[in-house]
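Written below as structure tokens is the structure these notes are about.
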Protein chains: 2
Amino acid sequence: MDYINLLKNNDLKVTPQRLIIVKELDTKGHMSIDDLYIALHSAFPSISLATIYKNINVMINKLFIQEVKIPNEKSVYELAKEEHAHALCVKCNAIMDMNLDVSKFIRKAETLSNYSLSKSSVIFSGICPTCQMS
Amino acid sequence: MDYINLLKNNDLKVTPQRLIIVKELDTKGHMSIDDLYIALHSAFPSISLATIYKNINVMINKLFIQEVKIPNEKSVYELAKEEHAHALCVKCNAIMDMNLDVSKFIRKAETLSNYSLSKSSVIFSGICPTCQMS
DNA sequence: ATAATAAGGGAAAATTATTATCCTTAAATA
DNA sequence: TATTTAAGGATAATAATTTTCCCTTATTAT
Ligand SMILES: [Mn+2]
Ligand SMILES: [Mn+2]
Ligand SMILES: [Zn+2]
Ligand SMILES: [Zn+2]
């Protein structure tokens, strides 16, 4: 992925900090503000939390990253993609995308509720494969 | 429902404040701390927010009420019941229980993710029937 | 009815998360 | 390369929520 053009196309100046933020989100996905702060700290020991916040906000406004709200946890962020469900490991906090066809659930929920539904937040929690072994 | 015995069986002293809290949760369901504060204020003009917080916490610990975390909103509480999905109206904030068979989704999600999944948070949002008309 | 204990009320304090400020530094454009 | 403007860093301020404290009152068990 071309991180430089991702920023340029969204009228954002290309800074080393921003490049690392989008690279981290692209390769690791599902990172919280604090995760990002820790991750960026090795490359930028002087990075400020304010920089993380400011950039997360601007990137959300530009619509190329999105927030994932998780019960009991701080929100995590990921590059924008189609609506999807998440599996969360309660032991190691790993989060996995799942291509459940959410639209099918929504259709069923509309019938049941008589609501006109357009968005979903679907999060399953349990134990990931790695933690199951240990 | 016998609110008095619900409290007694959980080793909680039966106070008028607690009776109203459980009655409100039973009849209205899905109330936030502030909802409860407002609702109790008519019966107890001197009610303290601390009383609401202390009781919600103790009731959650006793496992007979549970928190429902909703993206972008303050948590709401309901009497403990089987796992179920929710429909949320973004206009009037109405929340509806849905007896979607969540276990079926969980089974599918386990296959997809290889996680061992036990809990779910499923919230759809849109417009409720009432708000669709207006 | 009494005594022991838990709960309520009011306010302060603590917590936590996010944003604003101010100055310095760096990126973009010509 | 000079100029303009946005972004970064450090810290303070803000805001919102939740908890704690301390005293009074009410509930429970005897
Ligand atoms: Mn995701
Ligand atoms: Mn419910
Ligand atoms: Zn795990
Ligand atoms: Zn509505």
Side-chain angles (χ1 to χ4, degrees), chain A residues 2-25 31-62 64-77, chain B residues 2-25 31-62 64-77:
Chain A
D2 183 348
Y3 304 127
I4 292 179
N5 278 312
L6 178 60
L7 294 172
K8 281 190 179 166
N9 294 340
N10 284 281
D11 302 311
L12 296 181
K13 283 189 179 174
V14 179
T15 67
Q17 292 88 343
R18 283 178 174 165
L19 284 173
I20 298 199
I21 288 174
V22 293
K23 176 169 160 256
E24 287 288 316
L25 291 178
M31 301 186 80
S32 69
I33 296 286
D34 294 337
D35 293 338
L36 282 166
Y37 183 65
I38 291 165
L40 269 72
H41 205 264
S42 56
F44 295 94
S46 70
I47 189 107
S48 168
L49 249 188
T51 300
I52 313 278
Y53 274 107
K54 283 185 277 194
N55 278 306
I56 289 296
N57 287 336
V58 77
M59 290 175 188
I60 286 177
N61 287 333
K62 297 292 189 176
F64 71 89
I65 74 171
Q66 61 198 7
E67 187 174 4
V68 180
K69 301 214 173 199
I70 297 181
N72 302 308
E73 312 261 341
K74 290 191 71 177
S75 287
V76 295
Y77 303 87
Chain B
D2 184 348
Y3 304 128
I4 291 178
N5 277 311
L6 178 61
L7 294 172
K8 281 189 178 165
N9 294 340
N10 284 280
D11 303 310
L12 296 181
K13 285 189 179 175
V14 179
T15 67
Q17 291 87 343
R18 282 177 175 165
L19 283 172
I20 298 200
I21 289 174
V22 293
K23 177 170 160 254
E24 287 288 316
L25 291 179
M31 302 185 79
S32 69
I33 297 286
D34 294 337
D35 294 337
L36 282 166
Y37 184 65
I38 291 166
L40 269 72
H41 204 263
S42 56
F44 295 95
S46 69
I47 189 108
S48 168
L49 249 187
T51 300
I52 313 277
Y53 275 107
K54 282 184 279 195
N55 277 307
I56 289 297
N57 286 335
V58 76
M59 290 174 187
I60 287 176
N61 287 333
K62 297 292 190 176
F64 70 89
I65 73 171
Q66 59 198 7
E67 188 174 3
V68 180
K69 301 215 172 199
I70 298 181
N72 303 309
E73 312 261 340
K74 291 191 69 176
S75 286
V76 295
Y77 304 87

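Not measured: the values here are computed from a predicted model. Chain letters run A, B, ... following the sequence lines, proteins first, then strands; residues in each count from 1.
- Considering CG of A/L7 and CZ of A/F64, their distance stands at 5.0 Å, rounded to 0.5 Å.
- The distance from atom CD1 of B/I47 to atom C1' of C/dA11 is 16 Å, rounded to the nearest whole Å.
- Checked by distance alone, B/S48 brings a side-chain donor or acceptor within 3.5 Å of a matching partner on the base of C/dG10.
- Along DNA chain D, the nucleotide closest to A/V58 and the one closest to A/S46 are compared, and the more 5′ of them pairs with A/V58.
- Rounded to an integer number of Å, the gap from CE of A/M59 to P of D/dA7 is 10 Å.
- D/dT30: Watson-Crick or G-U partner is C/dA1, with both key distances under 3.5 Å.
- Closest approach of B/L19 and B/V22 over heavy atoms only: O-CG2, 3.2 Å.
- Rounded to whole Å, the distance from CD1 on B/I56 to C1' on C/dA7 is 15 Å.
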B/S/- along nucleotides 18-27 of chain C (protein heavy atoms under 4.0 Å) is BBB------B
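- Counting only distance, with no hydrogens or angles, the side chain of A/N5 and the backbone of A/K8 share no donor-acceptor pair below 3.5 Å.
- One can place OH of B/Y37 at 16 Å from C1' of D/dA16, the figure rounded to the nearest angstrom.
- With the nearest nucleotide of DNA chain C identified for both B/P45 and B/L12, B/L12 has the one nearer the 5' end.
- The nearest whole Å value for the distance from the CG atom in A/N55 to the P atom in D/dA6 is 15 Å.
- Under the side-chain contact (heavy atoms from CB on, under 4.5 Å) criterion, A/E73 pairs with A/I70, A/N93, sequence neighbours left out.
- Following rounding to the nearest Å, A/N72 (CG) and C/dT16 (C1') show an atom-to-atom distance of 16 Å.
- Residues satisfying the side chain to side chain donor-acceptor pair (under 3.5 Å) test with B/Y53, not counting sequence neighbours, are none.
- Between A/I20 atom CD1 and D/dA7 atom P there is a gap of 17 Å when expressed in whole angstrom units.
- Atom-to-atom, CD of A/Q17 to P of D/dA10 comes out at 11 Å; the value is rounded to the nearest Å.
- When every heavy atom of B/F44 is checked against every heavy atom of B/P16, the shortest pair comes out as CZ-CB, 3.4 Å.
- Along DNA chain C, the nucleotide nearest A/D34 and the nucleotide nearest B/T51 are compared for position; the residue whose nucleotide lies closer to the 5' end is B/T51.
- Side chain to side chain, B/E67 and B/S75 meet the donor-acceptor criterion of an N or O pair below 3.5 Å.
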